[in-house]
**Student:** 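Please read through the structure below; I'll follow up with questions.
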Amino acid sequence: MKKILSILFVIILFNTLQAKEGMWLPILLQQLNEKEMQSMGMKISAEDIYSINQASLKDAIVIFGGGCTGEVVSNEGLLFTNYHCGYGNIQRHSSLDHDYLTDGFWAMDRNEELYCPGLTVRFLVRMEEVTNEALVGITDEMSQLEREKLLEKNIETITELAVDGTHYKAIVEEFYYGNQYFLFVYETFKDIRLVGAPPSNIGKFGGDTDNWMWPRHTGDFAVFRIYADNENMPADYSAENKPYTPKNFLKISLKGVDEGDFTFVFGYPGTTNEYLPAKAVECITEIENPISIGIRDQKLNVMNAYSEKDPLIRIQYANKIAGIANGWKKWIGESLGVQRVDGVQKKLDYETEFNKWAKTQNNDYSSIIETLNTSYDNIIPYKIAYRYFAEAGLGIELVGFARRFAGLVEHSKTNPKDVETLNKLLGNLKGTTKSFFKDYCESIDKELTPTLLQIYYENIERDLMPDFFFNFEKKFKGDFDSYTDHIFQNSMFTDKDKLLKFIEDYKPSHYKKIEKDPAYQIYSSLFSMYRDNVYPNIAKYQAEIDSTMRFYMKAQMEFEKDKVFYPDANFTLRVTYGNVSGFNPQDAVTYNYFTTLEGIMEKEDPNVYDYVVEDKLKELYNNKDYGRYVDKDGSMHVCFIASNHTTGGNSGSPVLNANGELIGLNFDRNWQGTMSDIMYDPDRCRNITLDIRYCLFIIDKYANAKHLLNEMVIVE
Ligand code: ARG
Ligand code: GLU
């Protein structure tokens, strides 16, 4: 009876956790998901989404740059992604004369499209399971290290074979912690041009205040184009290149969404950790996240206070604050979310049931949890040390900057006669120095330094303390303010002109001056601790964890035989699906599933940077000039939410309707649902999508770039 009860318990527990959760491999859709997707409303087939025989939706999906998704929307290589994904490239083309960030940018013909050096777009040519080939010769008796060595060799063979005689690139990725391997073959395009971007008052509307939040009103899109050579093949930039003719592109629907509608997201989710033991979840949500959150609280307090007072500092620190705040806010939401559902306890209950089952099995499964717990106990102090090292130690901007000179010191010591390399290093450092000071405010750094040092000092075990703290104890007797004064008064890294002169006159013997610098000394003390003590231990225990997790993953799949497991995200192409749906963030509060231009006007505040509304947009609003982009309710919809399971990397991913037509661009999640990287809660986890009608409305009515619309296939 007890056994039946416990099995029932597991089934109940996991049925509720499972609903619509998951990021699925497109080649397995037919086998695992097609039926469910169709029962939820999908009208197309798995073969329409991913086919090995003919053009399918997958041929329109790309990896945009290093960490986003994009999609082709015309027969001439036109590409949509998020504004925040294109931001760096838009910024690089901007200057005071051409302030595309403030004014937006629209190429009114092909000649005006701007080449973006370094930007690439990758298409997936095919994927294929290669588990057997990857594991040739590998046995259970091998150590993790031996296993990894042989694996690497096998993978090399597989990838070489896969791209032989082509211009493709192949990667083999591990799934389910090394229980399965898949090959991915990519084609990379290198001539990518900026076609259009709204002003940041639209593309970044709500800024960091609204980031990770619902209700949301951000017009988070940008438009690019892929160019190819005369043969329609990838090529380096050339004025002769032509717009790429893709194998496929997405049709766009203007029908909009209703609550409950089926949607799916097709893109490249980066990282999730859904199968961790309780101990690991506890470590992330109760130890690691709080450390980073606490340190970033301090940084944001000071940086925001200065930014509010000084417009120059606001510009200088905008991007830094965006980066710091993005992780900070996500982790707060993640920890709160896991606490709210009592996530650690849920995992512990699961482990109890798992262990009971494991004892009935003829293998070593019953020691897995214990082994993992021991490895985590061992690794946690080093993970903590790493967080303080990265967030507090290197968080001092001056120290982070001094670190950039480490290569020069190393070279001067080991290779002083190699003048060519030396000159290259010095040339780079000149650029580094100029760009560092362009966005640096010493008062902010100086105000933060004693706080960061004190947090670090008070929270780190003595045996993991970088040794500069011991000098500090001797010489400054616990006074972080005078220590900070000492650093900033004596460091050569605070004075741009002197430093540039130092670089100008540099001789290899001058490295001693760098080594004596107080900011550089902090860096090198931090680095020694990391290299000699933190990193080797993390590597050692992580290898243990990896090898046990492989075993645990396999065991979990046997334990829950009837559950269909999806592999954790690893920046490979996935499909996730769900329904358009609002949610209840707290008692008595219900969020609607869409936002409108009305809401932008409600948020408008000309005095608050994040909430400035462009005059032209106001005019369109006042005249209700929405054209064919208007919703059937008469308003202009801006964003909507649905229960698709997404994560970082899904930015820019197409959100598609039951017919496989583009209805929006994924760009964020709600704060209450960021826990979905560890544990998906169907009640609260929502992805935030820019309604494609708002995107086209901006292109058409706001920017007057109608020629772009003519390229697209729009279904009304
Ligand atoms: N939260 C989104 C993501 O994780 C958007 C980040 C960019 N926007 C911002 N305001 N910082 O990437
Ligand atoms: N903004 C995220 C990105 O850049 C997507 C939001 C998420 O983490 O789901 O990929």
Side-chain angles (χ1 to χ4, degrees), residues 88-89 91-99 116-118 303 306 310-320 323 389-390 393-449 452-453 466 468 471 483-528 530-531:
N89 283 293
Q91 195 211 342
R92 256 162 257 141
H93 282 295
S94 301
S95 62
L96 282 178
D97 298 338
H98 301 279
D99 188 352
C116 300
M303 290 178 180
Y306 275 86
D310 185 333
L312 174 68
I313 296 180
R314 194 186 53 64
I315 294 169
Q316 288 180 317
Y317 276 69
N319 210 25
K320 296 184 200 183
F389 159 80
L394 294 180
I396 300 170
E397 289 185 73
L398 196 68
V399 173
F401 178 47
R403 167 198 193 183
R404 310 291 291 271
F405 288 72
L408 179 66
V409 171
E410 186 60 26
H411 179 81
S412 307
K413 281 173 151 174
T414 54
N415 236 338
K417 298 228 167 73
D418 176 359
V419 181
E420 197 181 321
T421 312
L422 181 73
N423 286 338
K424 219 187 201 162
L425 283 169
L426 291 169
N428 289 344
L429 282 174
K430 240 188 234 170
T432 306
T433 301
K434 284 180 193 152
S435 58
F436 173 76
F437 282 102
K438 180 177 159 281
D439 291 335
Y440 181 62
C441 166
E442 190 182 317
S443 315
I444 292 182
D445 206 20
K446 219 176 147 185
E447 188 165 328
L448 271 170
T449 297
L452 296 177
L453 288 175
F468 74 86
N471 294 336
Y483 183 40
T484 300
D485 285 341
H486 164 78
I487 299 166
F488 281 81
Q489 267 158 29
N490 294 296
S491 174
M492 64 196 265
F493 295 106
T494 56
D495 187 324
K496 178 181 166 189
D497 295 332
K498 274 198 198 147
L499 188 58
L500 285 173
K501 180 98 177 47
F502 174 79
I503 297 172
E504 190 72 38
D505 303 338
Y506 189 83
K507 300 270 164 329
S509 62
H510 295 175
Y511 78 85
K512 293 195 184 106
K513 180 149 191 259
I514 303 177
E515 280 193 332
K516 283 201 195 105
D517 186 275
Y520 189 82
Q521 279 177 348
I522 294 183
Y523 158 69
S524 83
S525 162
L526 282 168
F527 181 69
S528 306
Y530 173 73
R531 183 197 51 206

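Since we're looking at a predicted model, the values are computed, not measured. The analysis underlying the following values was restricted to heavy atoms, covering all of them including side chains, and did not include hydrogens, waters or symmetry mates.
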**Student:** Are side-chain heavy atoms of Asn415 and Thr421 found at a separation under 4.5 Å?
**Tutor:**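 No - every pair of side-chain heavy atoms lies 4.5 Å or more apart.
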**Student:** Can you measure from CD1 (Ile444) to CD (Glu442) and round to the nearest 0.5 angstrom?
**Tutor:**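 So the gap between those two atoms works out to 11.0 Å.
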**Student:** Do the rings of Tyr530 and Phe527 sit parallel, tilted or perpendicular, given the 30° and 60° boundaries?
**Tutor:**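 Geometry flag for Phe527 against Tyr530: tilted rings.
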**Student:** Before giving the answer on side-chain contact (heavy atoms from CB on, under 4.5 Å), spell out for Tyr317 and Tyr440 the whole-Å C-alpha distance, their side-chain angles and the decisive distance to 0.1 Å.
**Tutor:** CA-CA 8 Å; Tyr317 276 69; Tyr440 181 62; 3.9 Å; yes
**Student:** Minimum heavy-atom separation for Met303 to Glu397, with atom names?
**Tutor:**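 Distance-wise, the nearest heavy atoms are CE-OE2, 4.2 Å.
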**Student:** Please check: side-chain N/O of Gln316 versus main-chain N/O of Cys441, any donor-acceptor pairing under 3.5 Å?
**Tutor:**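 Side chain of Gln316 to backbone of Cys441: no pair is present.
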**Student:** With a 3.5 Å distance limit and no angle check, can you tell me whether Thr433 reaches the backbone of Leu429 through a side-chain donor-acceptor pair?
**Tutor:**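 Yes, Thr433 side chain to Leu429 backbone: donor-acceptor pair under 3.5 Å.
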**Student:** For Pro117 versus Asn89, what's the shortest heavy-atom pair and its separation?
**Tutor:**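 Closest pair (atom of Pro117, atom of Asn89, distance): O-OD1, 4.5 Å.
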**Student:** Would a 4.5 Å heavy-atom cut-off, applied to side chains only, mark Phe468 and Leu453 as touching?
**Tutor:**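 Yes, close enough: below the 4.5 Å cut-off.
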**Student:** Evaluate side-chain contact (heavy atoms from CB on, under 4.5 Å) for Ile522 paired with Tyr483, printing each intermediate quantity in order.
**Tutor:** CA-CA 12 Å; Ile522 294 183; Tyr483 183 40; 3.6 Å; yes
**Student:** Work out which heavy atom in Leu526 is nearest to a heavy atom in Pro466; give both atom names and the distance.
**Tutor:**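 Shortest heavy-atom separation between Leu526 and Pro466 comes out as CD2-CG, 3.9 Å.
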**Student:** Could you report the tightest heavy-atom contact between Asp445 and Leu398, atom names first, then the distance?
**Tutor:**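 Looks like OD2-N, 2.9 Å.
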**Student:** Do the side chains of Lys501 and Asp497 get nearer than 4.5 Å, heavy atoms only?
**Tutor:**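 Not in contact.
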**Student:** Hey, is the main chain of Phe488 close enough, under 3.5 Å, to the side chain of Ser491 for a donor-acceptor pair?
**Tutor:**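 It does not hold such a pair.
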**Student:** Within the structure provided, determine whether Cys116 and Arg92 are in side-chain contact (heavy-atom separation under 4.5 Å).
**Tutor:**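 No. Closest side-chain heavy atoms not under 4.5 Å.
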**Student:** Could you walk me through whether Lys496 and Phe436 pass side-chain contact (heavy atoms from CB on, under 4.5 Å), step by step?
**Tutor:** CA-CA 9 Å; Lys496 178 181 166 189; Phe436 173 76; over 6 Å; no
**Student:** Apply the test side-chain contact (heavy atoms from CB on, under 4.5 Å) to residues Gln521 and Asp517: give CA-CA distance (whole Å), side-chain angles for both, the deciding distance (0.1 Å), then the verdict.
**Tutor:** CA-CA 6 Å; Gln521 279 177 348; Asp517 186 275; over 6 Å; no
**Student:** Evaluate the side chain to side chain donor-acceptor pair (under 3.5 Å) criterion for residues Tyr511 and Glu410: first the C-alpha distance (whole Å), next the side-chain angles of each, then the deciding distance (0.1 Å), finally the verdict.
**Tutor:** CA-CA 8 Å; Tyr511 78 85; Glu410 186 60 26; over 6 Å; no
**Student:** Roughly how far apart are Asp310 CG and Ser443 OG, rounded to 0.5 Å?
**Tutor:**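 Rounded to the nearest 0.5 Å, the CG-OG separation comes to 9.5 Å.
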**Student:** Determine whether more than 12 heavy atoms belonging to other residues, nucleotides or ligands lie under 6.0 Å from atom CZ of Arg404.
**Tutor:**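 No, CZ of Arg404 has 12 or fewer neighbouring heavy atoms, counting only those of other groups under 6.0 Å.
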**Student:** Do Leu499 and Phe405 touch side chain to side chain, with heavy atoms closer than 4.5 Å?
**Tutor:**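 Yes, at least one pair of side-chain atoms sits under 4.5 Å.
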**Student:** So which atom in Leu426 and which in Ile503 form the shortest heavy-atom distance, rounded to 0.1 Å?
**Tutor:**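 Looking at all heavy atoms of both residues, the shortest contact is O-CG2, 3.7 Å.
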**Student:** Find out whether Arg314 and Tyr306 are in side-chain contact, i.e. whether some heavy atom of one side chain is under 4.5 Å from a heavy atom of the other.
**Tutor:**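 No, their side chains stay 4.5 Å or more apart.
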**Student:** Does some side-chain heavy atom of Leu448 sit less than 4.5 Å from a side-chain heavy atom of Ile396?
**Tutor:**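 Ile396 vs Leu448: side chains apart.
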**Student:** For Thr484 versus Lys446, what's the shortest heavy-atom pair and its separation?
**Tutor:**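 Nearest heavy atoms, Thr484 then Lys446: CG2-O, 3.7 Å.
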**Student:** Quick one: does His411's side chain have a donor or acceptor within less than 3.5 Å of a partner on Asp418's backbone?
**Tutor:**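 Side chain of His411 to backbone of Asp418, a donor-acceptor pair under 3.5 Å: yes, one is there.
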**Student:** Under a 3.5 Å threshold, yes or no: a donor from one side chain and an acceptor from the other, between Ser412 and Tyr506?
**Tutor:**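 Short answer, yes.
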**Student:** Would you indicate whether the side-chain heavy atoms of Lys413 and Val409 approach each other to under 4.5 Å?
**Tutor:**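 Yes, at least one pair of side-chain atoms sits under 4.5 Å.
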**Student:** Taking only Lys NZ, Arg NE, NH1 and NH2, and the carboxylate oxygens of Asp or Glu, determine whether Glu504 and Lys498 approach each other closer than 4.0 Å.
**Tutor:**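 Salt bridge absent between Glu504 and Lys498.
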**Student:** If you take the centroid of each ring, where Trp contributes its six-membered ring, are Tyr520 and Phe401 closer together than 6.0 Å?
**Tutor:**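 No: the rings miss the under 6.0 Å criterion.
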**Student:** Would you say Ser435's side chain and Gly431's backbone share a donor-acceptor pair under 3.5 angstrom?
**Tutor:**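 Yes.
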**Student:** Would Ser94 and Asp99 count as a side chain to side chain donor-acceptor pair (under 3.5 Å) here? Give the steps.
**Tutor:** CA-CA 5 Å; Ser94 301; Asp99 188 352; 4.9 Å; no
**Student:** Measuring from atom CD1 of Ile514 to atom NZ of Lys516, what distance do you get when rounded to the nearest 0.5 angstrom?
**Tutor:**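 Reported value, rounded in 0.5 Å steps: 11.5 Å.
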